[in-house]
Amino acid sequence: MYEDLLAGLNPAQREAVTTVTGPVLVLAGPGSGKTRVLAHRVAYLLRAAGAHPRAIMAVTFTNKAAAEMRERINRLVGEAVPSSTGWKGLTIGTFHSICARVLRQEAASASLSDAYVIFDDGEQLTAAKQALRDLKLDEKLYRPEAMRGAISKAKNELIKPADFQADTYWAEVARRVYARYEEILSANNALDFDDLLCRTVYLLRDVPEVLHRYQDRYQYLLVDEFQDTNTAQYELVRLLADKRRNIFAVGDEDQSVYSWRGADYRNVQRFREDFPGAHVILLEQNYRSTQTILDIANAVIVRNTHRTPKTLRTDRGRGLEITIHEAYDEADEAAFVVSTIQRLISRGDAKLGDCAVMYRTNAQSRALEDAFVARGMPYRLVGGTRFYQRKEIKDALAYLRLTHNPADNLSLTRIINVPPRSIGDKTISALAAWSTELGLSMAAALALVAGDLSSPALPDDVRSRFTKPPEHPFGSAAQRSLIAFYRVYAGWMAAKEHLTVAGLLDKIAEEAGYATWLRDGTEEGEDRWENLQELHSVAAHYDDFPPELRLTAFLEEVALVSDQDELIEDNDRATLLTLHTAKGLEFPVVFIVGLEENILPHSRSQEDPDQMEEERRLMYVGVTRAKDRLYLVRAFRRTIWGRSEVNEPSRFLRDVAQAAKGTKDGRRSMDDARGTGASRNAAFGGVSSRGAVAPAPSRQPAAVSQPSPTIGGQTSGASRQSSAAAKSSDGRPLQFKPGDRVNHGLFGEGIVLKSASTLDDEEVTVAFPGKGTKTLLASFAKLRKVTG
DNA sequence: GGGTGCCTCGAGGAC
DNA sequence: CGAGGCACCC
């Protein structure tokens, strides 16, 4: 029975789907079909176990994953369960969105106003700065960013200010800042991201009635990416599952890459302790990658000490060899990526949408974007300067938020003088001080200045406090400006009940003078206006919501969107994204760029073995995204903060190369079977030359324009790497030695000072008379020896 | 009150 | 190199 649901699942997957009662822990390797298992399990619960949709909660880490699961379940169950039973009553969402909804629902029990706004990390920082200022602490001495981090960490670990361990003076200061920070958020009727989680936990802990209601409702819990849960998230799940114990957790310790966000992969072990007798299921069968790619992944991850060994298997066969490429600088690296993609497409080996370029830090996307633009190749950038981070979008949202929640002083401060309304810093500070004195929000104080005692900005209990508006500290000019602003603002407050969100946005843009101010006649102005229109169309999705809910729902959604959510499939664009964002995705063709020490692994992990293990997991995540083709790329030199830096090749390249050496026997690259040292030099001539040291235009035939060092081939770094470890001058004779006279296309004649072999090339330091000393990559710089 | 320009410091990843 | 902060000028 239900064979149609289980068809095509392997025995382990089937077990995971059908073990419906009791705790289940699924350890799922990359590409092992865990999303499939999750969706099938929900479908199975609904159809075979007779579970009510309302009894199921599935938690994911991104909205995109939630949407995908929803869609899959829809496909599996859509017809089987009549919509009248409301199978859409399923709770599927991110931790944050589910918690936001619970808190809204239970606002009274959680001592919250249901009009609360959500502060993002930028606003967290602003609030932390405010707290420092309130406590008269020096921002130079106590970095706001560090304070924000400490507060966030504490919240993720469910530590309240009173419980904050202050064993150093700095920590004592942090504790005070944390306490003040909480007061500020409360005064603004705001919750930050971390509050969404910890306040929900406190609610469940402190109010048994609410806990029991949710425990009774959610009889089946499913949690994806369990290795990425932090303490608050773990505790939330544990509390909810405590009664029925029907908890299904899926995770992979090797893919834990969010420790900086408080995630602790040891929660996987903790699960086994807290839910004794848990059914543990291993998914090791990989349906995504070739064995060659899995071997590379294994070579990287096997060096981590804190892990449960597991082996990934695939039936896909060895497939193509991977390619390692050494570029000169980031521009050359990007050019290699773009021209390789072009070649794959022209040969019919891939579509543009099959290709993804992954990097460690967002800043690396710049050079890649330049190269894609230069070649006229469409791409989509995931993350980076995100839509919702743009000034015009933040301004517009601040207007809406202030209209929604008059207590939001941060939003008021942000927009009260944008566009300029002659309300300067002095006036704003005075307004802030005066409102604090009165124990009111700034918007409420504005209402008093305007003499509007029936203003919705004034809390009910406050309205009766005044028979007439109190004396205020503003001069006549300032007063006039403030009242003018208050009048239009009051109009929005009155209109928010009957206007749609889009309609309200129009009204505000018009009456705030924001539209005219934005469209200043410049091209950038038009771009900004178009962005605003985009927000407008997002808002229009909420037109059909119940009037009392739509503004709330809209603001909640935009506060909780993530970078990954932008990822809509697109066959006609290559994807540029960070390794973190790549988690959970797969692509036929994957480039991992910037494989250099201090980039990947990141410089901040150099001193910390635990962090280094996380870098390794990040690399592992990247490698296992690839289905067929994998390119590992590094640049000899790279511009960081406007300065050119030279970094060693990444240790991960070494691991990969050594592993390949042990298993292969002269296997050739998928791209070129002629990967000899001589033709390899041509690789650098074949790509566009935009480095500081420009080589002459390629004179190489097109056919050999792209050979690369290959794993397993005679020219791979592997064979050299092992001997290089023994001695710097390895088996391969260096071409250049100190004292040699050489000629360079740009710098002319020079003298070699020293020469050293790198992973698969040669670095030559040359003194050019009158032009200084340069370190050059032999294959790229096209150095010619000058004889006689 | 608002704008401009210089200086400093900084960018790891994100719900 | 870039954003944000601050001083100085209009």
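Small disclaimer: the values here were computed from a predicted structure and weren't measured. Reminder, nothing fancy here: chain letters follow the sequence lines and each chain counts from 1.
We find that CG of A:Leu579 is positioned 21 Å from P of B:dA11, with the value rounded to whole Å. What separates NZ of A:Lys155 from P of B:dC15 is a distance of 18 Å, to the nearest Å. Across the protein-nucleic acid pair, A:Arg421 atom CZ and B:dG2 atom P stand 11 Å apart, rounded to whole Å. If you take CD of A:Gln389 and P of C:dG4, they are 10 Å apart, rounded to a whole angstrom. When rounded to the nearest whole Å, the span between CZ of A:Arg617 and C1' of B:dG13 equals 13 Å. The CG-P distance, from A:Asp138 to C:dC6, rounds to 11 Å in whole Å. Put simply, CG on A:Leu576 is 14 Å from P on B:dG13, counting in whole angstrom units. In this entry the distance linking CZ of A:Arg643 with C1' of B:dC9 reads 13 Å, nearest Å.
Annotation: A:Arg143, atom CZ; neighbour count of heavy atoms from other residues, nucleotides and ligands within 6.0 Å does not exceed 12.
If you check C:dG5, B:dG13, B:dA11 against the side chain of A:Ala363, the one that comes closest is B:dA11. Distances from the side chain of A:Lys426 to the nucleotides B:dG1, B:dA14, B:dG3 place B:dG1 closest. Listed nucleotides: B:dG2, B:dA14, C:dG5. Nearest to the side chain of A:Arg148: B:dA14. The A:Pro420 side chain lies nearest to B:dG3 when the options are B:dG3, B:dA14, C:dG5.
In a base pair of the Watson-Crick type (N1 to N3 plus N6-O4 or O6-N4) or a G-U wobble (N1-O2 and O6-N3), with each distance short of 3.5 Å, B:dC6 is matched with C:dG5.
Across all strands shown, A:Gln611 has heavy atoms under 4.0 Å from base atoms, whether or not it also approaches the sugar-phosphate. A:Asp194 comes within 4.0 angstrom of nothing in the nucleic acid, heavy atoms only. A:Leu196 comes within 4.0 angstrom of nothing in the nucleic acid, heavy atoms only. Nucleic acid contact class of A:Glu615 (heavy atoms, under 4.0 Å, all strands): base. At a threshold of 4.0 angstrom between heavy atoms, the contacts of A:Phe61 are confined to the sugar-phosphate backbone, with no base atom among them. Contact annotation for A:Lys129: backbone-only contact, meaning every heavy-atom pair under 4.0 Å involves sugar-phosphate atoms and none involves a base.
Both A:Ser422 and A:Ala559 lie near DNA chain B, and the one whose nearest nucleotide falls closer to the 5' end is A:Ser422. Toward the 5' end of DNA chain B, the nearer of the two residues A:Thr427 and A:Thr578, judged by each one's closest nucleotide, is A:Thr427.
The side chain of A:Lys140 contributes no N or O atom lying less than 4.0 Å from OP1 or OP2 of B:dT8. Taking only side-chain nitrogens and oxygens, A:Asn362 never comes nearer than 4.0 Å to OP1 or OP2 of B:dA11. For the OP1/OP2 pair of B:dG10 and a distance below 4.0 Å, the side-chain nitrogens and oxygens of A:Arg143 include at least one atom meeting the criterion. Distances shown here put a side-chain N or O of A:Arg366 below 4.0 Å from the OP1 or OP2 atom of C:dG2. Considering only side-chain N and O atoms, A:Thr581 lies under 4.0 angstrom from the phosphate OP1 or OP2 of B:dA14.
Stacking between A:Trp641 and the base of B:dA11 is absent under the criterion of ring centres within 5.5 Å and planes under 30 degrees. Under the stacking criterion of a centre-to-centre distance below 5.5 angstrom and an interplanar angle below 30°, A:Tyr258 is not stacked against the six-membered ring of B:dG13.
Distance check, rounded to the nearest 0.5 Å: CZ of A:Phe271 to CZ of A:Arg238 gives 12.0 Å. Rounded to the nearest 0.5 angstrom, A:Thr413 OG1 and A:Ile428 CD1 are separated by 6.5 Å. For the atom pair A:Arg303 CZ and A:Asp655 CG, the distance stands at 4.0 Å (nearest 0.5 Å).
Contact check on A:Arg266 versus A:Asp264 returns a salt bridge, with a Lys/Arg side-chain nitrogen under 4.0 Å from an Asp/Glu carboxylate oxygen.
For the pair A:Leu431 and A:Ile416, the minimum side-chain heavy-atom distance is below 4.5 Å.
Nucleotides B:dG13 and C:dG4 have their P atoms positioned 16 Å apart, rounded to a whole Å.
Of all the heavy atoms in A:Gln227 and A:Ala263, the pair that sits closest is O-CB, 4.2 Å.
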